[in-house]
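Notes follow once the structure below has been shown.
In what follows, every chain begins at residue 1, and chains take the letters A, B, ... in the order their sequences are listed.
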Amino acid sequence: MLILIIIIKNIHLKIKKDDNMYVLGDWRRTHFSNEITPEMNDEEIIIMGWAHSIRKLGKLVFIILRDREGTVQIVVPKQKVSEEVFATAKSVGREDVLAIKGKVVANEKAPAGYEVIPIEIRILNKADTPLPLDPSEKVPADIDTRLDKRFLDLRRPKIQALFRLRSEMFKSVRDTFYDSGFIEVNTPKLVASATEGGTELFPISYFEREAFLGQSPQLYKQMMMAAGFDRVFEIGPIFRAEEHNTRRHLNEAISIDCEMSFSDEKDAMKVLEKIVHNVFADLYENNQKEFQTLGINLTVQETPFPRLTYTEAVDIVNSKGIEMEWGEDFSRAAEKALGDSMEGFYFITDWPTETRPFYTLPNQKDPKLCKAFDLMYKDLEISSGAQRNHKYDLLVEGIKRMGLNPEGFGTYLEAFKYGMPPHAGWGLGAERFMMIITCQENIRECVLFPRDRQRLTP
RNA sequence: GCCCUGGUGGUGUAGCUCGGCCUAUCAUACAGGACUGUCACUCCUGUGACUCGGGUUCAAAUCCCGGCCAGGGCGCCA
């Protein structure tokens, strides 16, 4: 008889619990974890998130609930909660999605000085077991495993912090652009021809024609100068079909691009270093929490950044015992030699014209050199730019010299015939910039779903 | 594309040099049990793996060859 009663009671409990399974109902979150304080003692709140870790101690259960902003300890003492709440708490598994209505209790024994005693727990969704990787970081996982299960990897507080910083970086960049008189534009990523030369493009099928994914907004943003926008910027994807296999290359990346009229390369460099400096200053000011989570001590480098001519840089490389001819681009060994002798950000200016694309303006006095620059951080190139060639005839000449066919450039070239102002600009690799800000060795860490030579999923 | 290193439970690893005592180590995870202050809880019991193909050998996780994949380096990357 007693057994029968227990069984019936259990069934009853189970049905009641199932009623609240997966049901959000009219519950809405009242607080994120970081909005709760010990001063809220006795206040009733609703919190929602994931079961980060669970410790069951017989008649006492601790659930660490994790949301976007952090964690909060839920304590479930059998004597202080209903039988149903206690049973639900005992059934919670790691990474289950929970909604908890409960009371804040100030308690020195709790990690944050407060904890929450639940009045009702709703399991909004169960997580399958075992988890394909451990979001609580007890056991490390290879980057390959992590990227395969990225949705779970992204739950880790460190990874969340990194992508929060990425978002804040873009916000800061936009703020500085807007404050400096730039207009944000969007240019096509489906393009008709590969005539720009240089990098390999991804061919795609465009109805009955072949098209390509854009390698750079370069030609379009220059046309915006002919359009009279004066100063434009674009933040968008670029695609490069190079079979590179390194920790600092991606086949799909985000490029922060700008172009400015009635300006030379020195003006462009000033905008670039202002953007970079402001990002560091803004993140330093507003995001210490994220840097703490990542264990990074951010230092803000003052402007102006050091300027080094290409010729000076070659001398430094050679003085370090790395052989390099004037006129060559820097090899990895050369970049590393430069990185050894330079701290933080620096510019390399006055490049040999031959090493730069056709749209770069050669120096009038010494046409062997051109008005191009790279922004480096130690041994990593993060941006390159230049004053552009705004004279139609010189541009056509440049295109021919690079072995390209001017006829393939269509409207781009035409834009130079009907009133193109002198202009300059640059492109900054967002992921490489993030590598520097967050001290990452592998660029894949800075993208939600990286695309590289082998990886096309998830 | 080239060079180096590697691929062992869900995850991360030990074992490989010198083949057999491997019925494969440990941690974590997972399942069950005990526990009212955990915070990497603790304790007990249990589940779960040798990248694929070929070869050498009485015998292969271990040695050889090839494929695939990964990590690192280089090249390529206007």
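When the C1' atom is used for both B:C21 and B:U62, the distance is 15 Å, rounded to whole Å. On the C1' atoms, B:U57 is 35 Å away from B:U11, given to the nearest whole Å. Nucleotides B:U23 and B:C69 place their P atoms 33 Å apart, quoted to the nearest Å. The gap from the P atom of B:A60 to that of B:C50 amounts to 15 Å, rounded to the nearest Å.
For A:R444 and B:G71, the shortest distance from a side-chain N or O to OP1 or OP2 is not below 4.0 Å. For A:R55, no side-chain nitrogen or oxygen approaches OP1 or OP2 of B:A40 to under 4.0 Å. Taking side-chain N and O atoms only, A:R247 has a distance below 4.0 Å to OP1 or OP2 of B:G73. Phosphate contact (OP1/OP2 of B:C77, side-chain N/O of A:N245, threshold under 4.0 Å): absent. Residue A:K138 places no side-chain N or O under 4.0 Å from the OP1 or OP2 atom of B:G10.
No contact: A:D128 has no heavy atom under 4.0 Å from any strand. A:P111 comes within contact range of at least one nucleobase, with a heavy-atom separation under 4.0 Å. Among the atoms of the strands shown, only primed sugar atoms or phosphate atoms (P, OP1, OP2) are found under 4.0 Å from some heavy atom of A:Q454. A:K78 comes within 4.0 angstrom of no nucleic acid atom, judged by non-hydrogen atoms across all strands. A:L57 comes within contact range of at least one nucleobase, with a heavy-atom separation under 4.0 Å.
Inspection of the A:E242 and A:H249 side chains reveals no N or O donor paired with an N or O acceptor under 3.5 Å. Judged by distance alone, the side chains of A:T355 and A:D329 never bring a donor and an acceptor atom under 3.5 Å apart.
Rounded to whole Å, the distance from CZ on A:R248 to P on B:C76 is 11 Å. Atom CD in A:E242 sits roughly 10 Å away from atom C1' in B:A78 (whole-Å rounding). Rounding to whole angstrom units, CG of residue A:D452 and P of B:C69 are separated by 12 Å. Rounded to whole Å, the distance from NZ on A:K56 to P on B:A34 is 12 Å. Between A:E108 atom CD and B:U38 atom P there is a gap of 14 Å when expressed in whole angstrom units. Rounded to an integer number of Å, the gap from A:D134 CG to B:A29 C1' is 8 Å. Going from atom CD1 of A:I64 over to atom C1' of B:U38 covers 8 Å, rounded to whole Å. As a whole-Å value, the separation of A:K109 NZ from B:C41 C1' is 15 Å.
Residue A:K336 has its side chain nearest to B:C74 when only B:C74, B:C77, B:G37 are considered. Checked against B:C39, B:G12, B:U36, the side chain of A:T145 finds its nearest nucleotide in B:G12. When distances run from any side-chain atom of A:D142 to the nucleotides B:G1, B:G12, B:C76, the shortest one goes to B:G12. Side chain of A:T129, nearest nucleotide from B:C30, B:G37, B:A78: B:C30. Comparing B:C76, B:G1, B:G37 by their closest approach to the side chain of A:T246 singles out B:C76. Comparing atom distances between the A:L60 side chain and each of B:A78, B:G37, B:G1 picks out B:G37 as nearest. Considering only side-chain atoms of A:P130, the nucleotide from B:G1, B:A78, B:G10 that sits closest is B:G10.
With a cut-off of 3.5 Å on both Watson-Crick or G-U wobble distances, the partner of B:A49 is given as none.
Checking side-chain atoms of A:T360 against main-chain N and O of A:R356 turns up no donor-acceptor pair under 3.5 Å.
Judged by closest nucleotide on RNA chain B, A:I117 is the one of A:L147 and A:I117 placed further toward the 5' end. Each of A:A333 and A:R356 was matched to the nucleotide of RNA chain B holding its nearest heavy atom; the match closer to the 5' end belongs to A:A333.
Ionic pairing of A:R155 and A:E95 is present here: one or more N-O contacts between side-chain nitrogen and carboxylate oxygen are shorter than 4.0 angstrom. For A:E441 and A:R247, the salt-bridge test passes: some basic side-chain N is under 4.0 Å from an acidic carboxylate O.
Contact detail for A:M40 and A:V104: the closest heavy-atom pair is O-CB, 3.6 Å.
Between A:F409 and A:Y412, the two ring planes are tilted [angle within 30° to 60°].
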